[in-house]
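In what follows, a structure is listed as structure tokens, so that the remarks can point back to it.
Bear in mind that the values here come from a model prediction, so they are computed numbers and not experimental data. Any value given below was found using the heavy atoms of this structure, including those in side chains, with hydrogens, waters and symmetry copies removed.
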Amino acid sequence: MRVAVVGATGAVGSTILEVMRERAFETTETVLFASQRSAGRKLAHGDSELTVQALSAESIQGFDLALFSAGSGTSEEWAPRFSEAGAVVVDNSSFWRTYDDVPLVVSEVNPEALDHHGGIVANPNCSTAQMVVALKPILDAVGIERLVISTYQSVSGTGQKAVEELRDQARAVLDGSEVPPPTVYPHQIAFNVLPQVELFKEGDDYTTEERKMMRETRKILGVEDLPISATCVRVPVYTGHSESVNVQTRQTLSPEECRELLLRAPGLQVVDAPGEGLYPTAIDAAGRDEVLVGRVRSDPSHERCLNLWIVGDNLRKGAALNAVQVAELLVARGLLRSSRVQMS
Ligand SMILES: NC(=O)c1ccc[n+]([C@@H]2O[C@H](COP(=O)([O-])OP(=O)(O)OC[C@H]3O[C@@H](n4cnc5c(N)ncnc54)[C@H](OP(=O)(O)O)[C@@H]3O)[C@@H](O)[C@H]2O)c1
């Protein structure tokens, strides 16, 4: 199987390569793509060193699978071209997520949505991906009536340049030197908390990230009219998004019953002994595949509401890991174009 990794030099792309190695994802050839700027750059992949290529009509031919993490513009232009050339694209950008004919998939939650893909599969927004892993068992057991979400999102969610911005600003603050002005974020991120993730579109009080969370959660959970309110906040953390989620259920669910459900669910680890200082933190989640859940407690203001604290590695379950898990499902279910041709 020939696999293209598009955006291989970026925060998500380099994690995709790491996850492919860790999970021994089988390929006959892996080809790395990035922008013109990186063409010719060498990247280590397992025992070999691969040369980064630029995208062109010629270089994209002959792939079975293409894992994209190169931003919306690149996905808009190049995902259909890879697909027309025979590959199935798993895309991390937001561009294709809302299209009706593009499945938006989290491997533990709605793998069946892959069955009717038309050549492009979308990976959700990082905050959404980790949250729905924890919500799915609750939805299946007792139904969900409403969600109120507050996120605390790390800077690697914005990409490599944002990680450098936090590092350079934090160093300057600690050294007592002049803090470099922000170029990625609208304000200084070091030692600060910003109630803005992504952009405010004209006339909208909610950011594009908040809108994505609300829309994508409904699509993945298959509850098109689910009432959701989200506030997304950027915090000076390198990796790991934390989320406070208030879940209003259809039937009553005690915290103990909820913990039991979460303990049995795939992709989750329950870390919930707050009296002993045990609860999920971003540092604990970074580098881990599981989404961590804790602080499971009833909401004193409503008998059918629970509060959860959900933390995940945004580069892993929020992007690279889920993309590779989706790729594994496509292979296992014979859903690549090449396997369909062989079968027919
Ligand atoms: N970071 C996360 O936690 C996360 C989670 C979910 C989804 N995503 C999405 O994943 C995508 C990548 O995010 P990231 O955080 O990895 O960003 P990043 O660190 O800035 O990396 C961007 C990658 O895209 C490549 N690229 C840029 N313009 C290109 C072009 N015209 N043609 C080909 N390649 C191009 C870059 O190559 P060069 O090195 O050559 O510039 C780099 O490899 C975004 O759409 C983002 O929204 C990110």
Side-chain angles (χ1 to χ4, degrees), residues 1-8 12-13 15-33 45-46 50 55 59-70 75 78-93 95-124 128-129 132-133 136-137 140 216 219-222 265-268 289-291 316-344:
M1 179 170 56
R2 281 188 89 227
V3 177
V5 178
V6 182
V12 174
T15 313
I16 287 178
L17 293 174
E18 211 173 295
V19 171
M20 284 171 71
R21 278 195 305 274
E22 287 168 6
R23 298 174 73 88
F25 186 82
E26 268 190 50
T27 65
T28 51
E29 190 187 7
T30 305
V31 180
L32 311 186
F33 291 95
H45 182 53
L50 303 178
L55 294 163
S59 65
I60 67 164
Q61 300 300 319
F63 288 98
D64 302 288
L65 188 69
L67 304 175
F68 264 66
S69 60
S75 291
W78 290 94
R81 296 179 73 170
F82 266 94
S83 170
E84 278 154 26
V88 176
V89 173
V90 181
D91 182 32
N92 277 292
S93 86
F95 189 81
W96 297 101
R97 292 178 193 155
T98 52
Y99 282 69
D100 285 341
D101 56 345
V102 174
L104 180 62
V105 179
V106 174
S107 60
E108 296 87 349
V109 178
N110 61 337
E112 67 289 345
L114 287 174
D115 292 342
H116 306 291
H117 78 76
I120 300 175
V121 177
N123 229 25
T128 307
V132 294
V133 176
K136 172 71 172 168
D140 287 348
E216 293 177 21
K219 181 167 174 178
I220 297 164
L221 294 180
L268 288 175
D289 286 350
E290 303 88 356
V291 173
R316 286 190 167 251
K317 191 59 200 173
L321 172 66
N322 194 60
V324 175
Q325 288 172 316
V326 165
E328 289 169 348
L329 285 169
L330 289 166
V331 174
R333 294 175 170 218
L335 291 169
L336 294 178
R337 261 71 174 280
S338 39
S339 44
R340 280 178 174 171
V341 171
Q342 278 161 24
M343 279 158 61
S344 59

Taking only residues two or more places apart in sequence, or in another chain, which ones meet Trp78 in a ring-ring contact (aromatic ring centres under 6.0 Å, His included)? none

Residues in side chain to side chain donor-acceptor pair (under 3.5 Å) contact with Thr15, at least two apart in sequence or another chain: none

If I take atom CG from residue Leu336 and atom CG from residue Leu330, how far apart are they, to the nearest 0.5 angstrom? 5.5 Å

Quick one, Glu328 and Ser107 - any side-chain contact, counting heavy atoms below 4.5 Å? no

Residues Val105 and Pro111: closest non-hydrogen pair is CG1-CA, 4.2 Å

When you compare the side chain of Leu104 with that of Thr128, does any pair of heavy atoms fall below 4.5 Å? no

Would you call the rings of Phe33 and Phe82 parallel, tilted or perpendicular if under 30° counts as parallel and over 60° as perpendicular? perpendicular

Side chain to side chain donor-acceptor pair (under 3.5 Å) involving Lys136 - partner list, sequence neighbours excluded: Asp140

Of Val106, Asp289, Val109, the residue whose pairing with Asn322 passes side-chain contact (heavy atoms from CB on, under 4.5 Å): Val106

For Glu18, which residues count as a side chain to side chain contact (heavy atoms under 4.5 Å, CB included) partner, sequence neighbours excluded? Arg21, Glu22, Arg316

Nearest-0.5 Å distance, CZ of residue Arg337 to CZ of residue Phe63: 15.0 Å

Val88 backbone acceptor or donor facing His117 side chain under 3.5 Å: no

Partner set under side chain to side chain contact (heavy atoms under 4.5 Å, CB included) for Thr27, not counting sequence neighbours: Val3, Met20, Phe25, Thr30

What are the two closest heavy atoms between Ala129 and Gly318, and how far apart are they? CB-CA, 4.1 Å

Provide the closest heavy-atom pair for Ala66 versus Ala87 in the form atom of the first, atom of the second, distance. N-CB, 4.4 Å

Please identify each residue that fulfils side chain to side chain donor-acceptor pair (under 3.5 Å) with Gln61, with sequence neighbours left out. none

So which pairs with a foot in residues 24-33 pass salt bridge (charged side-chain N to carboxylate O under 4.0 Å, His left out), sequence neighbours left out? Arg2-Glu29

Mind listing the closest non-hydrogen atom pair of Ala327 and Leu67 along with its distance? CB-CD2, 4.2 Å

Give me each pair satisfying salt bridge (charged side-chain N to carboxylate O under 4.0 Å, His left out) with a member in residues 96-113, each pair once, sequence neighbours excluded. Arg97-Glu216, Glu108-Lys317

Nearest heavy-atom neighbours spanning Ser75 and Pro80: O-CD, 3.5 Å

When rounded to the nearest 0.5 angstrom, what is the spacing between CG in Asn123 and OG in Ser69? 10.0 Å

Indicate the atoms forming the closest heavy-atom contact of Pro103 with Ile120, along with that distance. CD-O, 3.5 Å

All side chain to side chain contact (heavy atoms under 4.5 Å, CB included) counterparts of Pro137, not counting sequence neighbours: Leu261, Leu262, Ala265, Leu268

Please assess Lys219 against Asn110 for the test side-chain contact (heavy atoms from CB on, under 4.5 Å), listing each intermediate value before the final yes or no. CA-CA 10 Å; Lys219 181 167 174 178; Asn110 61 337; over 6 Å; no

Hey, could you give me the CG/CG distance between Leu329 and Leu335, rounded to the nearest 0.5 Å? 8.5 Å

Set out, in order, the CA-CA distance, both residues' side-chain angles and the distance that settles side-chain contact (heavy atoms from CB on, under 4.5 Å) for Ser93 and Phe68, then state yes or no. CA-CA 8 Å; Ser93 86; Phe68 264 66; over 6 Å; no

Mind checking side chain to side chain contact (heavy atoms under 4.5 Å, CB included) for Ala319 and listing every partner two or more places apart, or none if nothing turns up? Val12, Asn92

